Amino acid sequence: MIGQAKMALDISAIRRGLRKWYRMHQRDLPWRRTTDPYRIWISEIMLQQTRVAAVIPYYERFLTLFPDVPALASAPEQELLAAWAGLGYYSRARNLQKAARAIVKLPHFPREYEALLELPGVGDYTAAAVASIAFGKPHAVLDGNVLRVLSRMLAEHGDIKSQVVRARLRQVAGTLLDRKRPGEFNQAVMELGATICLPKRPLCPDCPVRPHCQARRQGIENQLPLAGGRSSAAQREKHLLLIEKGGKILLWQRPADSPRLAGFWELPEREQIPGAKMRGQAAGFRHTIVNTTYLVQVQRAVLPAHPPGFRWVDQGSLGSVPISTIAKKALILIAQTAREQP
Ligand code: SF4
């Protein structure tokens, strides 16, 4: 652990080094060109569990469709889910709308960490990120990138999944936070974790905090952070049917009270239509959701009669209805295969 007097000296050097590096090397990302709390909030929610490169086109399209809080609050749910389709974790989109409906009743966008925390879908990380980046409030963020950087800088040998270790690193993050520029500091640490202090093989020679990094000094940067209890994904098979007729495709819609993907359209599962006649494999792929990897097989099929509860949907209008990511992936793969065939 860094001694108290040395820590005080190191803090300003670390802040200075990070600030200089971030100003020179930060990626040009659309949500960094604004101080609009609405836009920053949307980006932070989208970036949860989704990579930056995947978020950018969704972010831009979403803001064209719903440019401000009132537009999001009044959006029809089907349009909202269609704009979100592909990003996954749809409860994020529903919570965004619930939060927007709460915000329009307030005199202004919540500025304080505690007020932000009251919004649906906003946890500690998002509240700290929006409060610091949009409003300059001194709250340190603690996400996976920050945990990794700090655990290496301190050569923390505890499990970063444990509450005790997290509490310790949270305290360090709060001590290191540059209170004059909290938003910039938070983004700099996250950027360092995302681009230099990588999970595997960190790029230490390019790191601005290398002189202060205990893990680097001890040559153990590749062994940290420790995170026990990781379980490997379970595997499940999923058999879907592609049933077409006159430019239309047979789909079903998940009910409004479905625990997952409520309101989303899906390809039929083989078990749902026992009378369907198989006409050969159309696609096969893997898809992972949280801890489960689905081995998806899609069969072409025909039907003796229209089954109840299903709907023929025009293939040209598929882009305007919310479709599950698995169904979308299957349809894209099948279309690609059809194009490649002579
Ligand atoms: Fe990470 Fe290496 Fe920088 Fe330490 S020196 S913070 S391990 S990139």
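Source: prediction; values computed, not measured. Start at 1 and go down the list; that is how both ligands and their atoms are numbered. We count residues from 1, following the sequence as given.
Looking only at side-chain heavy atoms (C-beta outward), P138 and L177 come within less than 4.5 Å of each other.
In this structure, the protein non-hydrogen atom closest to atom 3 (Fe) of ligand 1 is C207 SG, 2.3 Å. From the protein, the heavy atom lying nearest to atom 4 (Fe) of ligand 1 is C213 SG, 2.3 Å. If you check which protein heavy atom lies closest to atom 2 (Fe) of ligand 1, you get C204 SG, 2.3 Å. Scanning the protein heavy atoms around atom 1 (Fe) of ligand 1, the nearest turns out to be C197 SG, 2.4 Å.
Contact record, R15 with L176: NE-O, 2.8 Å, taken as the closest heavy-atom pair.
Atoms of ligand 1 found under 4.0 Å from any heavy atom of E221 (numbered from 1 in listed order, with element): 7 (S). Residue R152 approaches ligand 1 through these ligand atoms, each under 4.0 Å from one of its heavy atoms: 7 (S).
Judged by distance alone, the side chains of R92 and N95 never bring a donor and an acceptor atom under 3.5 Å apart. Of the N and O atoms on the side chains of E266 and S324, at least one donor lies less than 3.5 Å from an acceptor on the other residue.
The proximity of V209 to ligand 1, defined as any non-hydrogen pair under 4.0 Å, is limited to the side chain.
A salt bridge between R19 and E184 is absent, with no side-chain N of the basic residue lying under 4.0 Å from a carboxylate O of the acidic one. Using a 4.0 Å cut-off between a side-chain N of Lys or Arg and a carboxylate O of Asp or Glu, E221 and R152 do not qualify as a salt bridge.
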